[in-house]
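Quick note: residue numbers are just sequence positions, from 1.
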Amino acid sequence: MRVLFVTTEMDDFVRVGGLGAVSAALPRALRPFADIRIMLPGYRDIIEQLTHIQVVGRCPPFAEMPACSLGRASTKDGLPVYVLLCSQLYDRPGNPYGDESGRDWPDNDIRFARLASAAAELAAGSLDKNWAADLLHANDWQASLAPAYLAWRGAKIPSILTIHNLAYQGLFPKDSLRRIGAPESSFHIDGVEFYDQLSFLKAGLVYASHLTTVSGTYAREITTPEFGCGLEGLLRLRSDAAELTGILNGIDESWDPRSCAQLAQQFGAGDWVGKKANADYVRKQFGLAVSRGPMFGIVARLVHQKGIDLVLSAADEIIDSGGQIVVTGSGEPALEQALIDAHRRRPDAIGVVIGFNDARARRIFAGSDFTLMPSRFEPCGLSQMYAQRFGSLPIGHQTGGLAETITDGETGFLFSKPSHESFLGGIRRAFSTFMAHDQLDSMRRSAMARSFSWSISAGCYSALYRKLASA
């Protein structure tokens, strides 16, 4: 079975959030089941890292979208990758979505519609003469127009849209319709229109054959007004028609503290001297005081959704109780600055590094006793899985994937509301556990024994692929 997996991030080359990790791991886990090929925009970082790119097809200009070429290459382990070559759209500094100061590119409608349009052509067999897809799998709003372009062109190829985060919808003025060559007739309440704007994500929700999201809990949550971001009615219709499935993400096998090369010292369950060596290393790297108290780690995008403001409001109690906090990530400038200010006030107890680095993240998970995840909503979340594998007990809001992957009181701590008091309740339970050595030992062992293998998710996707292809 031939599957085209369309995404805008892949850890091999470029990462902004969890989508990059999923796009690197899930297709690899699916290789035993399908001829799966990834399609990415030809960002500067990707072009520089691929050694041999063979041009296999060309797209003429379409509406206000420029002409582009399609290149084929492969990862070091042989996973086929298509890259859309168009320096005018993708050869830019900054990240895949915005400039170096974090502002979205003003032509993101053109940039990602061009990707989606070319993906539909490739899936239909009109770009690479040697390959066509039996199914197209689009990810998030940036690829959401691919199922729509298939429908608008009358291509009978089944498609899946995976919603990694419903809050990011790709909203543009109505005028974008003309710029991207979408039919005027699609702009209505049962089409791509969303409060008089064009919604890329809604296009995918309407036109994809099937919708998936990244946990069963989130699949239920997004059909409610609280989590549905204004799209809950449409999502409820798709869910009632059995066209919305929650499939929990996994993590790759490199998340094993016994063999992870980036750690200050490798360790396994029960080797708490080895875990302490990582804690000592992290304290030194972050300039924290020597301490016998617990270390609370945060590895996250620094955005409102992740509850970073709740961490800031709890910081004094954590420190006054003998704890320390280490943070790494990037996101909203105001939250980045608030964390830097907190570090300046208490450099002995709060360590902050703005920016993401995989090795640093792994050391924080390995060295910390607890991982703070007070997300207001969390479609799946990966940090709580990484944390458990590395013996750092997550303290998470009981929502989405956190509710499914943290066993309260056994592998971590869940709290019921994204509020200051509820979060502090979880933190106080963590402090109590830290003082009760037998309980701490037992919970760490349970957490480190958890398996979050991608093979389970891959089996679910493979079954769904086959069902849709044979429909």
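Cation-pi geometry between Arg92 and Trp105 is met: the NZ or CZ atom falls under 6.0 Å from the ring centre, inside 45° of the normal.
In terms of the ring pair (Phe, Tyr, Trp, His ring centres under 6.0 Å) criterion, residue partners of His397 (sequence neighbours excluded) are, by chain and number, Phe415. In terms of the salt bridge (Lys or Arg N to Asp or Glu O under 4.0 Å) criterion, residue partners of Arg376 (sequence neighbours excluded) are, by chain and number, Asp309. Checked against ring pair (Phe, Tyr, Trp, His ring centres under 6.0 Å), Trp152 has the following partners two or more places apart in sequence or in another chain: Tyr149, Tyr207. Under the salt bridge (Lys or Arg N to Asp or Glu O under 4.0 Å) criterion, Lys202 pairs with no residue at all, not counting sequence neighbours. Partners of Glu184 according to the salt bridge (Lys or Arg N to Asp or Glu O under 4.0 Å) rule, which considers only residues two or more places apart in sequence or in another chain, are Lys174. For Ser383, the side-chain hydrogen bond (donor to acceptor under 3.5 Å, both in side chains) test picks out no residue, with sequence neighbours left out. Evaluation of the salt bridge (Lys or Arg N to Asp or Glu O under 4.0 Å) rule for Glu121 yields Arg114, Arg153 as partners, not counting sequence neighbours.
A donor-acceptor contact shorter than 3.5 Å is absent between the side chain of Tyr97 and the backbone of Arg103. The closest donor-acceptor contact from the side chain of Ser69 to the backbone of Leu85 lies at 3.5 Å or more, if one exists at all. The main-chain N or O of Leu248 is found under 3.5 Å from a side-chain atom of Ser457 such that the two form a donor-acceptor pair. Side chain of Asn357 to main chain of Arg360: a donor-acceptor pair is present (N/O by atom type, distance under 3.5 Å, no hydrogens or angles).
Pairs engaging residues 211-257 under the ring pair (Phe, Tyr, Trp, His ring centres under 6.0 Å) rule: Trp255-Phe365, Trp255-Tyr386, Trp255-Phe390 [sequence neighbours left out]. Applying the salt bridge (Lys or Arg N to Asp or Glu O under 4.0 Å) rule to pairs touching residues 63-75 yields Glu64-Arg178, Glu64-Arg179, Arg72-Asp128, sequence neighbours excluded. Pairs of residues two or more places apart, or lying in two chains, that qualify as salt bridge (Lys or Arg N to Asp or Glu O under 4.0 Å) and include a residue from residues 33-51 are Asp35-Arg37, Arg44-Asp91. For residues 216-242, the salt bridge (Lys or Arg N to Asp or Glu O under 4.0 Å) pairs, not counting sequence neighbours, are Arg238-Glu243.
Side chains of Leu166 and Leu231 form a contact here, defined as non-hydrogen atoms less than 4.5 Å apart. The side-chain heavy atoms of Ile180 and Phe62, taken from C-beta on, include no pair separated by under 4.5 Å. A heavy-atom distance below 4.5 Å is found between the side chains of Leu40 and Val81. Counting heavy atoms from C-beta outward, Asp134 and Val3 have side chains that stay 4.5 Å or more apart. Inter-residue side-chain proximity for Ile46 and Tyr90 is flagged as unmet; no heavy-atom pair is nearer than 4.5 Å. With a 4.5 Å cut-off on side-chain heavy atoms, Gln388 and Ile406 count as touching. Taking the side chain as every heavy atom from C-beta outward, Ile308 and Leu339 approach each other to under 4.5 Å. The side-chain heavy atoms of Val282 and Gln285, taken from C-beta on, include no pair separated by under 4.5 Å.
Other residues, nucleotides and ligands contribute more than 12 heavy atoms inside 6.0 Å of the CD1 atom of Ile340. Within 6.0 Å of atom CD in Glu253, 12 or fewer heavy atoms from other residues, nucleotides or ligands are found, so the atom counts as exposed in its surroundings.
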Can I get a per-line list of side-chain donor-acceptor pairs under 3.5 Å for residues 464-471, giving both atom names and the distance, sequence neighbours left out?
| unit_1 | atom_1 | unit_2 | atom_2 | d |
| --- | --- | --- | --- | --- |
| Tyr465 | OH | His137 | ND1 | 2.7 |
| Arg466 | NH2 | Phe33 | O | 2.4 |
| Ser470 | OG | Arg466 | O | 2.9 |
| Ser470 | OG | Lys467 | O | 3.2 |

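Ring pair Phe172/Phe200 is tilted by interplanar angle, where 30° to 60° counts as tilted.
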How far apart are the C-alpha atoms of Lys306 and Glu378, what are their side-chain angles, what is the distance that settles it, and do they pass the salt bridge (charged side-chain N to carboxylate O under 4.0 Å, His left out) test?
CA-CA 8 Å; Lys306 299 291 185 180; Glu378 192 60 75; 2.9 Å; yes
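Once rounded to the nearest 0.5 Å, the distance linking CG of Leu235 with OG1 of Thr213 reads 9.0 Å.
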